[in-house]
Amino acid sequence: MFYHVTMEQGIDLEPMFFGPKLKETIRMKIVDKVEGTCSAKHGYVIAVLAVDHISQGKIRQDGSGLASFKATFQCICFRPFKSEVLDCVVSSVNKMGFFADAGPVQIFVSSHLIPDDYEYTSVNGDAFVSTDQSHHIKEGSEVRIKVVGVRADAQDMYCIGSMKEDYLGVINE
(Lines give C-alpha, C1' and ligand atoms only; values in the text may rest on other atoms or scores of the structure.)
Protein backbone atom coordinates (compact mmCIF):
# COMPACT_ATOMS: atom_id res chain seq x y z
CA MET A 1 0.00 0.00 0.00
CA PHE A 2 1.20 3.52 -0.76
CA TYR A 3 1.20 6.17 1.95
CA HIS A 4 1.77 9.92 2.11
CA VAL A 5 4.13 10.41 5.07
CA THR A 6 5.78 13.41 6.74
CA MET A 7 9.33 12.62 7.86
CA GLU A 8 12.26 14.46 9.44
CA GLN A 9 15.90 14.02 8.51
CA GLY A 10 19.17 15.58 9.61
CA ILE A 11 21.55 16.85 6.91
CA ASP A 12 25.19 17.95 7.28
CA LEU A 13 26.55 20.41 4.70
CA GLU A 14 30.02 21.68 3.93
CA PRO A 15 30.54 25.48 3.84
CA MET A 16 30.98 25.44 0.03
CA PHE A 17 27.19 24.83 -0.28
CA PHE A 18 26.22 27.94 1.71
CA GLY A 19 24.76 30.58 -0.56
CA PRO A 20 21.69 31.48 -2.58
CA LYS A 21 20.88 27.85 -3.53
CA LEU A 22 21.09 26.46 0.01
CA LYS A 23 17.47 25.27 0.15
CA GLU A 24 17.73 23.52 -3.21
CA THR A 25 21.00 21.88 -2.12
CA ILE A 26 19.35 20.59 1.06
CA ARG A 27 16.42 19.27 -0.96
CA MET A 28 18.77 17.40 -3.33
CA LYS A 29 20.72 15.96 -0.38
CA ILE A 30 17.46 14.69 1.17
CA VAL A 31 16.40 13.09 -2.11
CA ASP A 32 19.81 11.39 -2.50
CA LYS A 33 19.85 10.22 1.12
CA VAL A 34 16.26 9.03 1.52
CA GLU A 35 14.75 7.90 -1.81
CA GLY A 36 15.03 4.14 -2.32
CA THR A 37 15.73 3.38 1.34
CA CYS A 38 13.66 1.12 3.57
CA SER A 39 12.66 1.47 7.20
CA ALA A 40 10.68 -0.94 9.35
CA LYS A 41 8.18 1.78 10.30
CA HIS A 42 7.37 3.36 6.91
CA GLY A 43 8.54 0.80 4.35
CA TYR A 44 10.27 1.87 1.12
CA VAL A 45 10.54 5.60 0.38
CA ILE A 46 9.49 5.93 -3.26
CA ALA A 47 9.69 9.70 -3.79
CA VAL A 48 10.23 12.93 -1.88
CA LEU A 49 7.39 15.30 -2.77
CA ALA A 50 8.17 18.54 -0.95
CA VAL A 51 10.40 19.96 1.75
CA ASP A 52 8.14 21.70 4.28
CA HIS A 53 10.59 23.19 6.76
CA ILE A 54 14.36 23.56 7.13
CA SER A 55 15.72 24.57 10.53
CA GLN A 56 18.47 27.11 11.00
CA GLY A 57 21.84 25.51 10.56
CA LYS A 58 24.05 24.89 13.55
CA ILE A 59 27.82 24.84 13.13
CA ARG A 60 29.22 21.60 14.46
CA GLN A 61 31.78 22.00 17.24
CA ASP A 62 34.06 19.18 16.10
CA GLY A 63 36.25 21.42 13.95
CA SER A 64 34.96 20.04 10.64
CA GLY A 65 33.21 23.27 9.58
CA LEU A 66 30.02 21.37 8.75
CA ALA A 67 26.59 22.82 9.49
CA SER A 68 23.74 20.57 10.62
CA PHE A 69 20.18 21.19 9.42
CA LYS A 70 16.93 19.42 10.33
CA ALA A 71 14.47 19.17 7.46
CA THR A 72 10.82 18.12 7.53
CA PHE A 73 9.53 16.76 4.24
CA GLN A 74 6.65 14.87 2.64
CA CYS A 75 7.18 11.62 0.78
CA ILE A 76 5.39 8.65 -0.77
CA CYS A 77 6.15 5.31 0.94
CA PHE A 78 5.28 1.74 -0.06
CA ARG A 79 4.68 -0.82 2.69
CA PRO A 80 2.93 -4.15 2.10
CA PHE A 81 0.73 -5.60 4.85
CA LYS A 82 -0.52 -9.08 5.62
CA SER A 83 -3.65 -10.04 3.59
CA GLU A 84 -2.97 -7.37 0.96
CA VAL A 85 -3.41 -8.43 -2.68
CA LEU A 86 -0.66 -7.29 -5.07
CA ASP A 87 0.05 -7.58 -8.77
CA CYS A 88 3.64 -8.72 -9.32
CA VAL A 89 6.10 -9.69 -12.03
CA VAL A 90 7.85 -13.06 -11.62
CA SER A 91 11.63 -12.58 -11.44
CA SER A 92 12.82 -16.19 -10.96
CA VAL A 93 11.37 -19.69 -10.74
CA ASN A 94 12.75 -22.85 -9.14
CA LYS A 95 11.27 -26.11 -7.86
CA MET A 96 10.78 -24.61 -4.36
CA GLY A 97 8.54 -21.81 -5.70
CA PHE A 98 9.06 -18.45 -7.34
CA PHE A 99 10.13 -14.89 -6.52
CA ALA A 100 8.03 -11.97 -7.75
CA ASP A 101 8.66 -8.23 -7.62
CA ALA A 102 5.98 -5.72 -6.59
CA GLY A 103 7.83 -2.44 -6.95
CA PRO A 104 10.85 -2.53 -4.64
CA VAL A 105 9.55 -5.52 -2.62
CA GLN A 106 10.49 -9.08 -3.52
CA ILE A 107 7.89 -11.69 -2.56
CA PHE A 108 8.50 -15.45 -2.34
CA VAL A 109 5.64 -17.81 -3.19
CA SER A 110 6.37 -21.37 -2.06
CA SER A 111 5.32 -24.31 -4.21
CA HIS A 112 3.01 -25.28 -1.31
CA LEU A 113 1.17 -21.95 -1.72
CA ILE A 114 0.63 -22.40 -5.47
CA PRO A 115 -2.64 -24.13 -6.49
CA ASP A 116 -2.45 -27.94 -6.67
CA ASP A 117 -3.18 -28.02 -10.40
CA TYR A 118 0.21 -26.43 -11.16
CA GLU A 119 3.31 -28.59 -11.58
CA TYR A 120 6.95 -27.59 -11.82
CA THR A 121 8.75 -28.29 -15.08
CA SER A 122 12.24 -27.43 -16.27
CA VAL A 123 11.53 -28.16 -19.94
CA ASN A 124 11.99 -24.96 -22.01
CA GLY A 125 13.06 -23.05 -18.88
CA ASP A 126 11.88 -23.25 -15.30
CA ALA A 127 8.11 -22.81 -14.92
CA PHE A 128 5.00 -23.92 -13.08
CA VAL A 129 2.45 -25.15 -15.64
CA SER A 130 -1.25 -25.84 -15.05
CA THR A 131 -2.38 -29.40 -15.74
CA ASP A 132 -4.40 -28.27 -18.79
CA GLN A 133 -1.30 -26.41 -20.12
CA SER A 134 -3.27 -23.14 -20.37
CA HIS A 135 -1.33 -21.12 -17.76
CA HIS A 136 2.43 -20.83 -17.20
CA ILE A 137 4.20 -19.16 -14.29
CA LYS A 138 7.63 -18.33 -15.67
CA GLU A 139 10.09 -15.47 -15.53
CA GLY A 140 8.33 -12.31 -16.73
CA SER A 141 4.79 -13.56 -16.03
CA GLU A 142 2.40 -11.20 -14.25
CA VAL A 143 0.67 -12.76 -11.24
CA ARG A 144 -1.79 -11.63 -8.59
CA ILE A 145 -0.86 -12.83 -5.11
CA LYS A 146 -1.96 -12.34 -1.52
CA VAL A 147 0.65 -11.42 1.08
CA VAL A 148 0.51 -13.96 3.93
CA GLY A 149 3.56 -12.78 5.86
CA VAL A 150 5.76 -9.69 6.19
CA ARG A 151 9.01 -9.31 8.09
CA ALA A 152 10.68 -5.92 8.30
CA ASP A 153 14.32 -5.49 9.27
CA ALA A 154 16.08 -2.18 9.82
CA GLN A 155 17.12 -1.91 6.16
CA ASP A 156 14.94 -4.38 4.21
CA MET A 157 11.54 -6.03 3.99
CA TYR A 158 10.73 -9.69 3.24
CA CYS A 159 7.33 -11.05 2.14
CA ILE A 160 5.72 -14.45 1.64
CA GLY A 161 2.82 -14.74 -0.78
CA SER A 162 0.10 -17.19 -1.74
CA MET A 163 -1.93 -17.94 -4.87
CA LYS A 164 -4.24 -20.51 -3.24
CA GLU A 165 -7.38 -18.38 -3.07
CA ASP A 166 -10.10 -17.26 -5.46
CA TYR A 167 -9.24 -14.53 -8.00
CA LEU A 168 -5.47 -15.00 -7.55
CA GLY A 169 -3.08 -16.38 -10.13
CA VAL A 170 -1.64 -15.62 -13.54
CA ILE A 171 -2.78 -12.30 -15.03
CA ASN A 172 -0.59 -12.18 -18.11
CA GLU A 173 2.06 -14.50 -19.46
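A102 approaches C88 most closely through the heavy-atom pair CB-SG, 3.7 Å. Residues S130 and Y118 approach most closely at N-CD2, 3.6 Å, considering heavy atoms. Here the closest non-hydrogen pair linking S162 and L168 is O-CD1, 3.6 Å. Taking all atoms of both residues into account, the shortest heavy-atom contact from A71 to F73 is O-CD2, 3.8 Å. The two residues G161 and I107 come nearest to each other via the heavy atoms N-CG2, 3.6 Å. V45 approaches C77 most closely through the heavy-atom pair CG2-SG, 4.1 Å.
Among K29, K33, R60, the single residue meeting the salt bridge (charged side-chain N to carboxylate O under 4.0 Å, His left out) criterion with D12 is R60.
I54 contributes atom CD1, which lies 6.5 Å from atom CG of L22 (distance to the nearest 0.5 angstrom). Taking CD of E35 as the start and CD1 of I30 as the end, the distance is 10.5 Å to the nearest 0.5 Å. The line from NZ of K21 to CE of M28 is 11.5 Å long, rounded to the nearest 0.5 Å. Distance NZ/K58 to CG/L66: 15.5 Å, rounded to 0.5 Å. N172 contributes atom CG, which lies 8.0 Å from atom OG of S141 (distance to the nearest 0.5 angstrom). With rounding to the nearest 0.5 Å, the separation of CG in L86 from CE in M1 is 8.5 Å.
The shortest distance between side-chain heavy atoms of L113 and I160 falls below 4.5 Å. When side chains are defined from C-beta on, P115 counts as touching M163, because their heavy atoms get closer than 4.5 Å. Residues I76 and H4 meet the side-chain proximity criterion, which asks for heavy atoms closer than 4.5 Å. A 4.5 Å side-chain heavy-atom check between D153 and Y158 finds at least one atom pair inside the cut-off.
Both F2 and L49 are part of a single hydrophobic cluster, where members link through side-chain heavy atoms under 4.5 Å apart. Both I46 and M157 belong to a single network of hydrophobic side chains, linked directly or stepwise wherever heavy atoms of I, L, V, M, F, W or Y lie under 4.5 Å apart. Residues V31 and F78 fall into different hydrophobic clusters, defined by Ile, Leu, Val, Met, Phe, Trp and Tyr side chains chained together at heavy-atom separations under 4.5 Å. Under a hydrophobic-cluster definition in which Ile, Leu, Val, Met, Phe, Trp and Tyr are linked whenever side-chain heavy atoms come within less than 4.5 Å, directly or via other members, V150 and V105 are assigned to the same cluster. In terms of hydrophobic clustering, with Ile, Leu, Val, Met, Phe, Trp and Tyr side chains grouped at heavy-atom distances under 4.5 Å, F81 and V5 are assigned to a common cluster.
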Could you please spell out the steps behind the side chain to side chain contact (heavy atoms under 4.5 Å, CB included) verdict for T25 and L13?
-> CA-CA 9 Å; T25 303; L13 286 180; 4.2 Å; yes

Show your working on side chain to side chain contact (heavy atoms under 4.5 Å, CB included) between F17 and I26 and close with a plain yes or no.
-> CA-CA 9 Å; F17 294 113; I26 291 173; over 6 Å; no

Salt bridge (Lys or Arg N to Asp or Glu O under 4.0 Å) assessment of K164 paired with D116 = CA-CA 8 Å; K164 271 197 167 181; D116 295 331; 3.2 Å; yes

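A salt bridge (charged side-chain N to carboxylate O under 4.0 Å, His left out) check over residues 117-145, counting only residues at least two apart or in different chains, returns the pairs D87-R144. Within the structure, ring pair (Phe, Tyr, Trp, His ring centres under 6.0 Å) contacts touching residues 33-68 (residues at least two apart or in different chains) do not occur. Listed by first then second residue, pairs satisfying ring pair (Phe, Tyr, Trp, His ring centres under 6.0 Å) with a partner in residues 83-112 read F99-F108, not counting sequence neighbours.
By the 30° and 60° cut-offs, the orientation of the rings of F69 relative to F18 is perpendicular.
Counting only distance, with no hydrogens or angles, the side chain of Q61 and the backbone of I59 share a donor-acceptor pair below 3.5 Å. With N94 contributing its side chain and G97 its backbone, the two residues share a donor-acceptor pair below 3.5 Å. The backbone N or O of A40 sits less than 3.5 Å from a side-chain atom of R79, completing a donor-acceptor pair.
Other residues, nucleotides and ligands place no more than 12 heavy atoms under 6.0 Å from the CG atom of N124.
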